[in-house]
Visitor: 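Next up is a structure, given as structure tokens.
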Amino acid sequence: GQQLNQSPQSMFIQEGEDVSMNCTSSSIFNTWLWYKQDPGEGPVLLIALYKAGELTSNGRLTAQFGITRKDSFLNISASIPSDVGIYFCAGQETSGSRLTFGEGTQLTVNP
Amino acid sequence: EAGVAQSPRYKIIEKRQSVAFWCNPISGHATLYWYQQILGQGPKLLIQFQNNGVVDDSQLPKDRFSAERLKGVDSTLKIQPAKLEDSAVYLCASSFWYEQYFGPGTRLTVT
């Protein structure tokens, strides 16, 4: 089956710094989703991307759907302590097909 | 709008026992998903329902796992008998279109 490589696995940053993480796939995806998961909770949808080249923002978060349709990145600007958590990318090959998740990026923000 | 509800939140059982999890999706969402999330990994799809029909159960260990969605709303996931390696968080998600929304999950510990 398709695999998603998400990097980095973990990041330790200072409050106020910008953060970037990305996902690459062995397959072409039609949809990319980015989620954040806090301890003891389910993943929360942050941003959804539907077209190659699409750049979408949600507050301090910006995500892009790669032109090749095999990658996506997420940027967080001016990080704050509540940004701490695990960020997952997820991709879908066709509408209604299985969502494949990356392994996650653990973000730690030092105040 | 109420989110995806799951119960119980935590369950501890001994190996070879059985366990059941319940999920109530967001109102109006026709598609319901059950995921297994092992510690340190991204969620993995177990089964996907469209209304009360199964769309994808290719990754469900059918010798011990079963799921149903009667009347196309609530769903239950059962494990019988449980093994040690079933220890994980079981997440339920629902969607109206592409974007999946997750419940808080049930943390299962098998001893």
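Here the structure is a predicted model, which is why all the values come from computation and not from measurement. As a basis for the values below, the full set of heavy atoms in this structure was taken, side chains included, without hydrogen atoms, waters or symmetry mates.
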Visitor: Heavy-atom distance under 4.5 Å to chain B: side chain of Q6(A), backbone, both or neither?
Guide: neither

Visitor: Are Y90(B) and V4(B) connected in a single hydrophobic cluster, I mean Ile/Leu/Val/Met/Phe/Trp/Tyr linked by side-chain heavy atoms less than 4.5 Å apart?
Guide: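 Hydrophobic grouping puts V4(B) apart from Y90(B).
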
Visitor: Look at atom CG of L84(B) and say whether more than 12 heavy atoms of other residues, nucleotides or ligands are closer to it than 6.0 Å.
Guide: yes

Visitor: Is there a path of hydrophobic side-chain contacts, each under 4.5 Å between heavy atoms of I, L, V, M, F, W or Y residues, that connects I47(B) with F65(B)?
Guide: yes

Visitor: Counting heavy-atom pairs under 4.5 Å to chain A, which of G105(B), P43(B), G40(B) comes out on top?
Guide: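 Winner by heavy-atom pair count: P43(B).
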
Visitor: Compare every heavy atom of Y35(A) with every heavy atom of Q100(B), then report the nearest pair and how far apart it is.
Guide: O-OH, 2.7 Å

Visitor: Does I13(A) belong to the same Ile/Leu/Val/Met/Phe/Trp/Tyr cluster as L46(A), with side-chain heavy atoms less than 4.5 Å apart forming each link?
Guide: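 Yes; tracing contacts between hydrophobic side chains, which count when under 4.5 Å, links both residues.
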
Visitor: Check whether Y10(B) gets within reach of chain A through its side chain, its backbone, both or neither, counting any heavy atom under 4.5 Å.
Guide: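 For Y10(B), there is no contact with chain A at all, as no heavy atom is under 4.5 Å.
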
Visitor: Taking all non-hydrogen atoms of both residues into account, name the closest pair between L45(B) and R98(A) and its distance.
Guide: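 Scanning both residues completely, I find the closest heavy atoms to be CD2-CG, 3.6 Å.
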
Visitor: Answer yes if L4(A) and L107(A) sit in the same cluster of Ile, Leu, Val, Met, Phe, Trp and Tyr residues linked by side chain heavy atoms under 4.5 Å apart, and no otherwise.
Guide: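 Hydrophobic grouping puts L4(A) with L107(A).
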
Visitor: Are F73(A) and M11(A) connected into the same hydrophobic cluster when the rule is that any two of I, L, V, M, F, W, Y join if their side-chain heavy atoms are below 4.5 Å apart?
Guide: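 No; tracing contacts between hydrophobic side chains, which count when under 4.5 Å, never links both residues.
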
Visitor: How close do Y98(B) and Q92(A) get, counting heavy atoms only, and between which atoms?
Guide: CD2-OE1, 3.4 Å

Visitor: Looking only at non-hydrogen atoms, find the nearest pair between R9(B) and G40(A) and report the distance.
Guide: NH2-O, 2.7 Å

Visitor: Does the side chain of L99(A) come within less than 4.5 Å of Y33(B)'s, by heavy atoms?
Guide: no

Visitor: Do you know which of A48(A), G42(A), C89(A), P43(A) has the most heavy-atom pairs with chain B at a distance under 4.5 angstrom?
Guide: P43(A)

Visitor: Inspect the surroundings of NZ in K71(B) and state if more than 12 heavy atoms from other residues, nucleotides or ligands are less than 6.0 Å away.
Guide: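 Result for NZ/K71(B): open.
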
Visitor: Could you tell me which of Q37(B), R107(B), K44(B), Q6(B) has the largest number of non-hydrogen atom pairs under 4.5 Å with chain A?
Guide: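 That would be Q37(B).
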
